[in-house]
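Residue numbers count from 1 along this sequence. Since the structure is predicted, the reported quantities are computational estimates derived from the model, not experimental observations.
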Amino acid sequence: ICLMKKFKVALVALCMAMFFSSNVNAQDYYYQGDVEVGYKIGKLLGVSYNTVSITTSQGIRLNDYFYAGIGLGLDLAHSPGYEGLDIFIPIGVNLMAYYPISETISPFIYTDLGYGIYTGDDIPGGFNFGIGAGVEFSMFRVSLGYGMQKVSSQGISIGQNAFEIKLLQTI
């Protein structure tokens, strides 16, 4: 719970910085679309549970430092020894803060916050969250982070906690 409180404070601070930045004017923001491929290595109920994901995020790049967008994806989760795939459709908000060090290289931090719709059985899905850091090289990014997908049903909630790596192409 303490981690979630810290995350919420950081998220509010990031949003405030984005929207109250004094140097943002009409020339400092533009549309940015991304397509991202990722892999999460994680556990669910103590069992290996890994996920391949593809996500698109469409949003606004505010100057060289901030991005806010809405994402939609497809997550294919699998566990060794289990023949099927669990399919999630994540929908959420993507926020990024950049620190440009040259015209083509920008380290960044990111957070993804939303809901993962589960496509199987009677389980509706649940909260999903990601946080991490990476480097953008011109139109290509690579990042490492932490991802979590909760699944809730009948008052019971379980979650996958995972290490994630993402490769992204800006469109």
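Both Tyr115 and Leu72 are members of a single hydrophobic cluster when ILVMFWY side chains are connected at heavy-atom separations under 4.5 Å. In this structure, Ile165 is a member of the same hydrophobic cluster as Ile41, with clusters built from ILVMFWY side-chain heavy atoms closer than 4.5 Å. Follow the hydrophobic side-chain contacts under 4.5 Å out from Phe129 and you never reach Leu144; the two are in separate clusters.
Every residue meeting the side-chain contact (heavy atoms from CB on, under 4.5 Å) condition with Asn161, not counting sequence neighbours, appears here in chain and number order: Tyr146, Met148. Residues passing the side-chain contact (heavy atoms from CB on, under 4.5 Å) test with Ser143, sequence neighbours excluded: Phe108, Tyr110, Lys166. Among residues two or more places apart in sequence or in another chain, the side-chain hydrogen bond (donor to acceptor under 3.5 Å, both in side chains) test is passed with Arg141 by Asp34, Tyr98, Glu136.
Separation of atoms OG1 (Thr119) and CG (Asp75) is listed at 10.5 Å; rounding is to 0.5 Å. Rounding to the nearest 0.5 Å gives a distance of 5.0 Å between OG1 of Thr111 and CD1 of Ile131. Between Phe66 atom CZ and Asp28 atom CG the span is 12.0 Å, to the nearest 0.5 Å. With values rounded to the nearest 0.5 angstrom, Ile60 atom CD1 is found 9.5 Å from Ile70 atom CD1.
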Listing, residues 86-97 side-chain donor-acceptor contacts under 3.5 Å, not counting sequence neighbours, or none:
| from | atom 1 | to | atom 2 | distance (Å) |
| --- | --- | --- | --- | --- |
| Asp86 | OD1 | Tyr118 | OH | 2.9 |
| Asp86 | OD2 | Tyr49 | OH | 2.6 |
| Asn94 | OD1 | Ser57 | OG | 2.8 |
| Asn94 | OD1 | Gly71 | N | 3.1 |
| Asn94 | ND2 | Asp112 | OD1 | 2.8 |

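Thr51 places no side-chain N or O within donor-acceptor distance of the main-chain N or O of Lys40, the cut-off being under 3.5 Å.
Between Ser48 and Pro80, the shortest heavy-atom contact is O-CD, 3.6 Å. The shortest heavy-atom contact between Asp64 and Arg61 is O-NH2, 3.4 Å. Nearest heavy-atom pair, Pro100 versus Ser106, reported as atom, atom and distance to 0.1 Å: CA-OG, 3.4 Å. Taking both residues in full, the closest heavy atoms of Phe127 and Leu113 are given as CE1-CD1, 3.1 Å, listed atom of the first, atom of the second, then distance.
If you chain together ILVMFWY residues whose side-chain heavy atoms come under 4.5 Å of each other, Phe140 ends up grouped with Tyr99, Ile101, Ile105, Val135, Phe137, Val142, Leu167.
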